[in-house]
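The structure appears below as structure tokens.
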Protein chains: 2
Amino acid sequence: MSIIKSNTLKNIPFFKNCSDKTIEALSDQAQIIDLEKGSMLFSNKDKAERFYLVTKGWIKLYRETIDGAQSVVDILNANNVFGEVALFQNDTTSFSAEAAERAQVMSFPLCILKKEIENNSNLTMDMMLSMTRHARQQDQEIENRTLKNASQRIGCFLLRLVDQRKTGEIVIKLPYDKTLVAARLGMQPETFSRALNKLKDQIDLHVVGREIRILSLQDLTKYACSACSSEFPCHDIKS
Amino acid sequence: MSIIKSNTLKNIPFFKNCSDKTIEALSDQAQIIDLEKGSMLFSNKDKAERFYLVTKGWIKLYRETIDGAQSVVDILNANNVFGEVALFQNDTTSFSAEAAERAQVMSFPLCILKKEIENNSNLTMDMMLSMTRHARQQDQEIENRTLKNASQRIGCFLLRLVDQRKTGEIVIKLPYDKTLVAARLGMQPETFSRALNKLKDQIDLHVVGREIRILSLQDLTKYACSACSSEFPCHDIKS
DNA sequence: TCTTTAATTTGATTTTGGTCAAGGCAATAT
DNA sequence: ATATTGCCTTGACCAAAATCAAATTAAAGA
């Protein structure tokens with residue numbers, strides 16, 4: 001059984017430079033956790049002893065004030081790893097994690113990863129790269145909040161879901177529900193709904209539930225990227 | 001002359017784990033650049049071949065759209081290093097740099113740093129730590145933009161300038177001009193001015209030019225941190 | 001299918017911050 | 001000292017988004 005997990009791990013980008021021995025150790029200590037929608041995996045108050053791999057569904061990472069207002073840090077799906085930065089922050093995290101929908105994660109002891117990092121510079125470099133990419137995305141996000149209005153942020157979000165080489169009509173399926181997309185983009189659900197309507201007025205775009213049909217990528221690009229420092233197609237696309 | 005620079009570098013946190021040989025090499029290839037206020041050091045369009053150390057004044061890192069709207073990424077003063085992340089991004093940066101006031105920087109070839117990183121895991125770990133800290137700050141910044149209003153953001157900014165253990169009356173000097181503080185906080189100068197006035201109404205606070213006198217840190221904390229996920233004193237304070 | 005619940009939309013209203021224009025103030029240069 | 005320039009503030013107005021309330025639609029269970 002532990003062997004199945006090992007094979008699984010080898011195919012995950014995050015683990016590709018891990019030594020076999022460490023993969024074994026991680027597999028042995030792995031736990032599988034099933035999560036109902038909305039159930040919390042950990043809180044920023046907790047001491048971090050494990051890190052996580054998403055295997056099914058979506059996990060929301062967020063910060064929360066005393067009175068319940070949330071700021072979304074990231075939203076991750078299968079094959080993404082999170083919670084590992086605790087290694088560089090005295091075993092604390094600055095965010096909480098919960099299932100955005102029914103989901104499954106695998107958890108591993110941080111201490112195993114810590115040991116591996118100390119003498120595997122390839123893994124360290126991988127983490128460095130992914131951290132750099134994340135930092136860049138955060139910079140981009142701050143720029144978006146500063147310079148783009150709600151409709152443009154939605155447009156930008158949509159563009160990142162598209163295979164950017166495609167031409168002609170395109171159908172996009174929102175990866176998770178609209179309320180969560182709104183939160184991810186830093187706006188209220190009501191604002192999201194209205195801003196999407198405005199987008200419909202501006203460019204040729206049809207919405208049916210979570211599916212969005214776009215007739216001209218160019219128009220959308222022109223609209224969304226005009227208030228952006230980077231040119232389309234964006235260089236900081238995920239994964 | 002190169003020796004003076006070497007000694008200087010050894011005292012900079014960023015270089016503390018660099019080998020002597022690399023410090024020598026960096027010193028030999030170092031260039032000193034004086035910058036008038038507003039003059040640009042590099043643009044995100046440029047290919048990055050060097051990284052930088054601030055030696056005097058303030059440097060503004062920012063992103064800019066075609067029509068000149070800016071989003072501030074960071075504002076750095078003496079002893080801070082920037083531009084080194086280009087190493088992990090194919091020798092590109094996603095931001096531009098200019099002097100926020102008369103300033104001086106030292107520049108070094110990235111390739112020397114690259115070589116050093118490849119076989120100095122201590123340095124790599126340092127960079128990892130500083131990158132983690134920066135990422136955390138960015139998360140905090142996104143939270144601030146999402147959950148705090150203009151006055152609370154200003155309050156938060158002020159709190160981070162204070163020695164948090166002090167009690168009683170406190171005088172804070174803004175590190176750079178108000179227009180730049182406003183940009184750093186993602187608001188217009190007019191909004192900054194008004195929001196600072198509002199802050200005066202809410203808590204006991206006096207402003208004379210760049211100097212701000214605060215009578216009760218507690219009041220300010222209560223006001224600014226109520227819309228925040230982390231408790232005061234903040235854990236992600238700079239440097 | 002019928003309930004029940006949750007997600008989404010819409011309308012009305014308020015709040016916040018942005019924009020534009022004008023003045024005041026302060027630092028620097030002449 | 002006076003002029004010039006750039007920074008900062010204020011007022012009037014506008015626009016975007018948040019909030020509150022209600023209706024509608026979609027999804028999940030029984």
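Heavy-atom basis, side chains included; hydrogens, waters and symmetry copies ignored. Convention: sequence-line order gives letters A, B, ...; per-chain numbering from 1.
In this structure a side-chain-to-backbone donor-acceptor pair under 3.5 Å is missing from S193(B) to E190(B).
Contact check, K37(B) against dA27(C): no side-chain N or O comes under 4.0 Å of OP1 or OP2. At least one side-chain nitrogen or oxygen of T179(A) sits closer than 4.0 Å to the OP1 or OP2 atom of dT8(C).
When each of F42(A), F108(A), F82(A), F88(A) is paired with F51(A), the ring-ring contact (aromatic ring centres under 6.0 Å, His included) condition holds for F108(A) and for no other. When L35(A), I59(A), T55(A) are each tested for a side chain to side chain contact (heavy atoms under 4.5 Å, CB included) with Q104(A), only one passes: T55(A).
The separation between I212(A) atom CD1 and dT8(C) atom P is 11 Å, rounded to whole Å. Atom CD in Q188(A) sits roughly 10 Å away from atom P in dC20(D) (whole-Å rounding). Look at CD on E101(B): it is 15 Å from C1' on dG6(D), rounded to the nearest Å.
The pair R145(B)-E141(B) meets the salt-bridge criterion, since a charged nitrogen lies less than 4.0 angstrom from a carboxylate oxygen. One finds a salt bridge joining K60(B) and E98(B) here, because a Lys/Arg side-chain nitrogen approaches an Asp/Glu carboxylate oxygen to under 4.0 Å. Taking a cutoff of 4.0 Å between a charged side-chain nitrogen and a carboxylate oxygen, K173(B) and E211(B) do not qualify as a salt bridge.
You'll find the side chain of I142(A) reaches within 4.5 Å of the side chain of I142(B), heavy atoms only.
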Sub-3.5 Å pairs of nitrogen or oxygen atoms, protein against nucleotides 22-30 of chain D:
none

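Across residues 189-205 of chain A, E190(A), S193(A), R194(A), N197(A) each have a non-hydrogen atom less than 4.0 Å from an atom of DNA chain C (numbered order).
Checking E84(A) against Y52(A) by side-chain atom types alone, no donor-acceptor pair falls below 3.5 Å.
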